[in-house]
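Protein chains get the first letters and strands the later ones, always in sequence-line order, with residue 1 at the start of each.
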There are 2 protein chains.
Amino acid sequence: MTEDVRRSPERAKRLPRAVREKQILDAAVAVFSRHGYHSASMDEISDVAGVSKPMIYSYLGAKEDLFLHCIRREAGRMLQAVQAGIKPDVPPDMQLWHGLRSFYGFVAEYRESWTVLHRQALTVGGPFAGEVDALRSRAIELVSGLVVSAGARKGLAEQAEFSGEGLAAALVGAAESLADWWLDHSDVSDGVLASWLMNLIWLGFNDLVEGEVWRPTEQ
Amino acid sequence: MTEDVRRSPERAKRLPRAVREKQILDAAVAVFSRHGYHSASMDEISDVAGVSKPMIYSYLGAKEDLFLHCIRREAGRMLQAVQAGIKPDVPPDMQLWHGLRSFYGFVAEYRESWTVLHRQALTVGGPFAGEVDALRSRAIELVSGLVVSAGARKGLAEQAEFSGEGLAAALVGAAESLADWWLDHSDVSDGVLASWLMNLIWLGFNDLVEGEVWRPTEQ
DNA sequence: GGCGTAAGGTTACTCAGCGGTAGGTAAGGC
DNA sequence: GCCTTACCTACCGCTGAGTAACCTTACGCC
């Protein structure tokens, strides 16, 4: 069951702290993503990292601290990836498009990061809920900004019949859920995935069945 | 921290098995929803249920079995609630509408059920992933049916440029995510919530900012 | 009415897994 | 040669799942 994704051959070489920390974090993300926070054991992490347990405690602290380090690192990577993809001076739909593309690109490249962030950190009551909520909130905020700015350009915001934040939450959820679905249907490319969602969100179902299609313009 | 949501005053009365089983399941759902599967202890569950631990083992089996019983019961309730709300002989958008209304009605009434199903059971690798996936799959399937039938009526299915299942997954995710958002913004009514999502899904963002609104017809 | 027995119920324990640490060894710079 | 940094083995103690053994009330049956 627990295959042999164990430590790499080199061992017992004295390496600088920064390198070990990276190894440990990588191992931790891998193990946490496989088993979840509670079921992951420090022993396995140390084993995968090719380092003894006390090193982990000495470098990155207790289990909770370690997990926090993981979350923070992966969340940072992800936000950075998505934000880097967004071009601030294009219309809202194109911003959304680029954001989606970057997001799915990230998930494709860092499956484990995504798993840790999305599935493992959700356990209610843990000290991580806050951390992940923060990430999610930033995502919702980001999208909400697009939503409101798109709405404002056309007068939606004023009528206040819809909550920008609520819609953004729904949208983020749709993106996440599609990402999860994707994990089991990897034969679709990330671009196609982003395109589906973009069409659903932007045109809506009604337009979609009418045969309309949204396509990115050249910007 | 762990308030006094303990057993009710009556105690030490001999009750028939069926009654005890219900008490135990109720308690288990409450505790699991608060702490998550791993952090929930059998001791607390027995305490909340007002019953000693061996009874749980005798009636409902080990922790895993107990959790499975919870999931199955809550999933059953939920599916039943949603399906009961759907009227099979109305247009796809109205079916979706009724489904959404029932869904949010259920979440409003059974917060704990929703929490257990959605947040606690997701831990990868557990024996529950399958169980919850099954529920999710049925939801996706249900929606996918609507999507495809709506599409077929207009010729979308044939062009096969979109995956009905993928879109359904996105849609289910949007609904779930909005339900989560709702847990922290309960000042919105379930009908309004369903209406937001319906508009987003059916009309899409573009139409929305143009000022169009989808409203349920009288069926 | 008594009396046997199954169903309801409990206390008090075992035991393994795992988070965390004490205390020590070796490498290498200066 | 000495001190810092890298690194290890071997252990402790607690928490929490699961159980053995025992008590007790209802009730069918002669």
Integer-rounded Å distance: [N] [atom2] and [X] [atom1]:
| X | N | atom1 | atom2 | value |
| --- | --- | --- | --- | --- |
| Ile56(A) | dA6(D) | CD1 | C1' | 15 Å |
| Asp47(A) | dC18(C) | CG | P | 13 Å |
| Leu15(B) | dT10(C) | CG | C1' | 15 Å |
| Gln23(A) | dA6(D) | CD | P | 13 Å |
| Ile24(B) | dG8(C) | CD1 | C1' | 11 Å |
| Arg20(A) | dA27(C) | CZ | P | 14 Å |

Can you check nucleotides 15-18 of chain D for protein contacts, nitrogen or oxygen pairs under 3.5 Å, and list what you find?
{"residue": "dA17(D)", "atom": "OP1", "partner": "Ala40(B)", "partner atom": "O", "Å": "3.3"}
{"residue": "dA17(D)", "atom": "OP1", "partner": "Lys63(B)", "partner atom": "NZ", "Å": "3.1"}
{"residue": "dA17(D)", "atom": "OP2", "partner": "Met42(B)", "partner atom": "N", "Å": "2.9"}
{"residue": "dG18(D)", "atom": "OP2", "partner": "Tyr57(B)", "partner atom": "OH", "Å": "3.4"}
{"residue": "dG18(D)", "atom": "OP2", "partner": "Lys63(B)", "partner atom": "N", "Å": "3.0"}
{"residue": "dG18(D)", "atom": "N7", "partner": "Lys53(B)", "partner atom": "NZ", "Å": "2.9"}
{"residue": "dG18(D)", "atom": "O6", "partner": "Lys53(B)", "partner atom": "NZ", "Å": "2.8"}

Among dA20(D), dC8(D), dG8(C), which nucleotide sits nearest the side chain of Pro54(B)?
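Of the options given, the side chain of Pro54(B) lies nearest dA20(D).
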Electrostatic pair Glu44(B):Arg34(B) at N-O distance under 4.0 angstrom:
yes
Counting only N and O atoms by type, is there a donor-acceptor contact under 3.5 Å from the side chain of His35(A) to the main-chain atoms of Val31(A)?
no
With sequence neighbours left out, write down each residue that passes salt bridge (Lys or Arg N to Asp or Glu O under 4.0 Å) with [X], or none if nothing qualifies.
| X | value |
| --- | --- |
| Asp180(A) | Arg119(A) |
| Glu21(B) | Arg17(B) |
| Asp65(A) | none |

Using the salt bridge (charged side-chain N to carboxylate O under 4.0 Å, His left out) rule, collect all pairs that involve residues 134-149 of chain A, keeping only residues at least two apart or in two chains.
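For residues 134-149 of chain A: Arg136(A)-Glu176(A).
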Hey, is the side chain of Arg17(B) poking within less than 4.0 Å of OP1 or OP2 on dA7(C), counting only N and O atoms?
no
Would you say Tyr59(B) places a side-chain N or O within less than 4.0 Å of OP1 or OP2 belonging to dG8(C)?
yes
Tabulate atom names and distances for all N/O pairs under 3.5 angstrom spanning the protein and nucleotides 24-26 of chain C.
none

Under 6.0 Å from the ring centre and within 45 degrees of the ring axis: does the NZ or CZ of Lys63(A) meet both conditions for the six-membered ring of Tyr37(A)?
yes
Please report the closest heavy-atom contact between Leu66(A) and Ile45(A), naming both atoms and the distance.
CD2-CD1, 4.0 Å
Kindly say whether the aromatic ring centers of Trp114(B) and Phe103(B) come within a distance under 6.0 Å.
yes
